[in-house]
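Here is the structure we will look at, set down as structure tokens.
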Amino acid sequence: MVEADHGAPVVADTAYVAPGDYHMRVLRAPDGPTIALDREPPVWGVRPAADPLFRSVAQVFGANCLGVVLTGMGRDGAEGVRAIRAAGGGGIAQDRDSAVIAGMPTAAVQLGGVDAVYPLGEIAERIDHALVARGAGIGGRT
């Protein structure tokens, strides 16, 4: 896991964390997807927010992506994971019982952006199965 840098290439088997006070997006580039950071206005009162990232991932990777909405307050991530599903990708939400604050995953379910809901302890395995089943390779050329 690394803190994302603006312009860095998206590399397979790497988890990127948005730096504080920056939205993170993925953009198409000639050599493959890259990270873009910006200080556009907060979304749902927060920056970074999941929705801008998820929408960009849907645009770049389409059916080869999976959005996951975990515990959190509010509705951030719900519209973005719905965009991922609309692009042919998948969506997973954490279940109410294992979420410390169930607002975000509940909103994602209510908006129809998820295929399945799982307890936190099962999500990593379900992500692995979903990506293998979809044949997703997110580090490659788009």
Side-chain angles (χ1 to χ4, degrees), residues 1-38 40 42-142:
M1 180 168 30
V2 298
E3 185 172 277
D5 287 320
H6 184 76
V10 175
V11 178
D13 299 324
T14 303
Y16 297 91
V17 177
D21 209 27
Y22 286 87
H23 290 303
M24 181 169 63
R25 291 178 173 81
V26 177
L27 302 177
R28 284 187 179 96
D31 292 330
T34 61
I35 301 289
L37 301 174
D38 66 64
E40 289 186 13
V43 176
W44 307 114
V46 297
R47 186 177 53 217
D51 278 331
L53 173 63
F54 284 179
R55 282 192 293 269
S56 73
V57 166
Q59 290 174 347
V60 172
F61 297 110
N64 290 325
C65 62
L66 177 69
V68 180
V69 181
L70 302 175
T71 189
M73 189 180 326
R75 55 181 298 112
D76 185 29
E79 291 179 10
V81 78
R82 186 169 64 175
I84 288 172
R85 278 204 62 214
I92 293 175
Q94 183 177 358
D95 75 342
R96 178 179 287 277
D97 291 339
S98 69
V100 175
I101 301 173
M104 288 171 55
T106 298
V109 170
Q110 290 172 343
L111 277 180
V114 300
D115 302 300
V117 177
Y118 300 110
L120 181 61
E122 293 181 26
I123 290 178
E125 181 180 352
R126 298 296 183 154
I127 292 169
D128 186 52
H129 288 297
L131 293 178
V132 168
R134 289 178 179 275
I138 39 183
R141 211 177 260 271
T142 305

For Arg47, side-chain hydrogen bond (donor to acceptor under 3.5 Å, both in side chains) partners two or more places apart: Asp21
Closest non-hydrogen atom pair between Ala58 and Ala87, with its separation: O-CB, 3.7 Å
Non-hydrogen atoms of Val46 and Pro48 that approach each other most closely: CG2-O, 3.6 Å
Validation row: Pro52, Val43 side chains within 4.5 angstrom (heavy atoms): yes
Atom of Val81, atom of Gly67 and distance for their closest heavy-atom approach: CG2-O, 3.7 Å
Other residues, nucleotides, ligands: >12 heavy atoms within 6.0 Å of Tyr22 OH: no
Heavy-atom closest contact (Ile92 atom, Tyr118 atom, distance): CG2-CD1, 3.8 Å
Residue from Thr71, Val69, Val68 passing side-chain contact (heavy atoms from CB on, under 4.5 Å) with Gln94: Thr71
Val26 vs Tyr16, side chain to side chain contact (heavy atoms under 4.5 Å, CB included): CA-CA, chis, key distance, verdict: CA-CA 11 Å; Val26 177; Tyr16 297 91; over 6 Å; no
Heavy-atom side-chain contact between Ile84 and Leu66 under 4.5 Å: no
Closest contact, heavy atoms only, Thr34 versus Ala29: CG2-CB, 3.7 Å
Thr106 side chain to Gly103 backbone, donor-acceptor under 3.5 Å: no
Residue pairs involving residues 60-72 (criterion salt bridge (charged side-chain N to carboxylate O under 4.0 Å, His left out); sequence neighbours excluded): none
Closest non-hydrogen atom pair between Pro119 and Ser98, with its separation: CA-OG, 3.5 Å
Close side-chain approach of Asp5 and Ile35, heavy atoms under 4.5 Å: no
Scan the side chains in residues 6-15 for donor-acceptor partners under 3.5 Å anywhere in the protein, sequence neighbours excluded, and list what turns up.
unit_1: His6; atom_1: ND1; unit_2: Leu37; atom_2: N; d: 2.9
unit_1: His6; atom_1: ND1; unit_2: Leu37; atom_2: O; d: 3.4
unit_1: Thr14; atom_1: OG1; unit_2: Ala12; atom_2: O; d: 3.4

Summary of salt bridge (charged side-chain N to carboxylate O under 4.0 Å, His left out) pairs that have at least one residue in residues 81-105, sequence neighbours excluded: Arg85-Asp115
Any residue meeting salt bridge (Lys or Arg N to Asp or Glu O under 4.0 Å) with Glu122, in chain and number order, not counting sequence neighbours: Arg126
By side-chain hydrogen bond (donor to acceptor under 3.5 Å, both in side chains) - contacts of Arg75 (at least two apart): none
Backbone of Gly80 reached by a side-chain donor or acceptor of Asp51 within 3.5 Å: yes
Within-4.5 Å side-chain heavy-atom neighbours: Trp44 and Glu79: yes
Spacing of Phe54 atom CZ and Met24 atom CE [to the nearest 0.5 Å]: 9.5 Å
